[in-house]
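Here's the structure, in structure tokens; my notes come after.
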Amino acid sequence: MSSREEFLSNFQDHLLGIDDTFQFKCLECGKCCRHREDLLLNSRDLFNVAKKLGISTEQALEQYCETYIGRDSKVPVARLKPQGAGRVCPLLKGSKCSVHDSKPTICAAFPLGRIIEGEEISDGLQSDKPMKLQYILNPISCGRRKHKHTVRSWLEKFNIPIDDEFYILWSQLILTLSSAVREYEEQGMSDALLGLLWQNIGSALYVAYDTEADFMQQFMKNCTTIQGLFSILKEQFPNGIKSTKT
């Protein structure tokens with residue numbers, strides 16, 4: 001188990017309440033933007049980056065990210081594509097973030113991290129089961145420890161919602177998609193049909209957005225689109241996929 005995996009497996013020891021304090025001062029050295037291959041983006045992150053750069057979400061995805069099917073999640077994943085021997089974030093210019101005021105939440109919140117606790121959904125693409133958002137203090141190997149902050153003040157400083165409705169919905173969606181796609185894989189869905197499903201899910205998750213329109217309305221619409229994909233599959237295969245492989 002890596003140090004990061006060990007840290008996350010014992011995350012209860014690192015939980016912070018919303019008004020708990022921690023000490024950190026960013027020196028803007030760019031250290032946290034180097035030797036990183038774990039900067040995953042959700043659809044809002046990509047939308048904000050694209051809007052800041054004045055390009056489409058599709059262009060941002062192609063230019064700054066790489067996409068793949070998560071080994072465990074079984075859904076399309078977008079991560080910032082590290083560059084060069086130093087595995088540098090493509091948004092880093094010198095030691096400064098080129099989208100500083102629109103940077104991905106994982107970067108803006110550092111050294112805080114977010115953990116979603118809740119049950120995995122196995123029936124349908126919606127659930128009224130509550131999911132709880134909690135905050136942790138990540139290991140810190142940069143900056144200084146002079147300035148004291150509360151979790152609340154740090155989040156407000158970077159315009160991150162304390163009870164982030166989108167992030168909870170996103171986490172719920174990914175868990176639900178993961179369960180649904182895994183079930184179809186186990187039933188023997190063909191590679192061609194799986195590929196088509198992944199293509200449509202990826203488009204709805206990351207690409208089908210107009211940066212001049214409201215993000216949240218588009219996200220909810222795209223969730224409905226994804227739900228429609230699975231409704232079609234249920235209509236086409238009412239008794240399960242069984243095996244579509246030839």
Separation between [atom1] of [X] and [atom2] of [Y], rounded to the nearest 0.5 Å:
| X | Y | atom1 | atom2 | value |
| --- | --- | --- | --- | --- |
| Arg152 | Leu16 | CZ | CG | 13.0 Å |
| Leu53 | Asn48 | CG | CG | 11.0 Å |
| Ile232 | Phe230 | CD1 | CZ | 11.0 Å |
| Lys31 | Ser141 | NZ | OG | 4.0 Å |
| Lys96 | Cys33 | NZ | SG | 11.0 Å |
| Ile115 | Gln134 | CD1 | CD | 8.5 Å |

What I'd like to find out is whether the side chain of [X] reaches to under 4.5 Å of the side chain of [Y], using heavy atoms alone.
| X | Y | answer |
| --- | --- | --- |
| Val49 | Leu80 | no |
| Tyr68 | Pro76 | no |
| Thr105 | Tyr167 | no |
| Asn138 | Leu112 | no |
| Ile226 | Cys223 | no |
| Ser56 | Thr211 | no |
| Leu233 | Met189 | yes |
| Glu185 | Leu194 | yes |

Verdict with reasoning, Phe166 to Asn42, per side chain to side chain contact (heavy atoms under 4.5 Å, CB included): CA-CA 10 Å; Phe166 160 74; Asn42 57 48; 3.5 Å; yes

Could you pull out the closest heavy-atom pair between [X] and [Y], with the gap in Å?
| X | Y | value |
| --- | --- | --- |
| Arg34 | Gly94 | NH2-O, 3.3 Å |
| Val151 | Gly17 | CG2-O, 3.3 Å |
| Arg145 | Ile140 | NH2-CG2, 3.1 Å |
| Gln218 | Ala208 | OE1-O, 4.1 Å |
| Ala108 | Phe158 | O-CD1, 3.5 Å |
| Pro104 | Asp45 | CA-OD1, 3.5 Å |

Donor-acceptor contact present, side-chain [X] to main-chain [Y], <3.5 Å:
| X | Y | answer |
| --- | --- | --- |
| Ser231 | Gln227 | yes |
| Ser98 | Leu91 | yes |
| Lys74 | Leu177 | no |
| Trp154 | Ala109 | yes |
| Arg182 | Asp72 | yes |
| Ser102 | Val99 | no |
| Arg79 | Glu37 | yes |
| Thr57 | Val207 | yes |
| Tyr135 | Ile162 | yes |
| Ser178 | Ser73 | yes |

Give a yes or no on whether a salt bridge exists between Asp164 and Arg114, defined as a side-chain N under 4.0 angstrom from a carboxylate O.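 Yes, charged N to carboxylate O under 4.0 Å.
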
Pair Asp38 + Arg87: basic N to acidic O under 4.0 Å: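 Answer for the salt bridge query: no.
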
Single hit among Val75, Ile201, Ile168, Leu205 for side chain to side chain contact (heavy atoms under 4.5 Å, CB included) with Leu173: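 The residue from Val75, Ile201, Ile168, Leu205 that satisfies side chain to side chain contact (heavy atoms under 4.5 Å, CB included) with Leu173 turns out to be Leu205.
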
Determine, using the 4.5 Å side-chain heavy-atom cutoff (strictly less than), whether [X] and [Y] are members of one ILVMFWY cluster.
| X | Y | answer |
| --- | --- | --- |
| Leu92 | Phe110 | no |
| Trp170 | Ile69 | yes |
| Met220 | Leu46 | yes |
| Tyr209 | Leu61 | yes |

Between Lys81 and Cys65, is a side chain to side chain contact (heavy atoms under 4.5 Å, CB included) present by the stated rule, with each step listed? CA-CA 5 Å; Lys81 181 165 53 181; Cys65 302; 5.6 Å; no

Mind telling me whether Phe219 and Phe215 have parallel, tilted or perpendicular rings, with 30° and 60° as the class edges?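 Geometry flag for Phe219 against Phe215: parallel rings.
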
Ring centres under 6.0 angstrom apart (Phe22, His149):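 Distance test on ring centres: under 6.0 Å, yes.
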
If you measure only the distance, is there a donor-acceptor pair under 3.5 Å linking the side chains of Ser179 and Thr176?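 No, no side-chain donor-acceptor contact under 3.5 Å.
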
Taking atom CG of Asp214 as the centre, does the number of heavy atoms from other residues, nucleotides or ligands within less than 6.0 Å exceed 12?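 Above 12, so yes.
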
Passes side chain to side chain contact (heavy atoms under 4.5 Å, CB included), Leu133 versus Asp163? Steps please. CA-CA 7 Å; Leu133 180 60; Asp163 297 314; 5.6 Å; no

Show your working on side chain to side chain contact (heavy atoms under 4.5 Å, CB included) between His100 and Lys52 and close with a plain yes or no. CA-CA 9 Å; His100 178 73; Lys52 174 69 175 180; over 6 Å; no

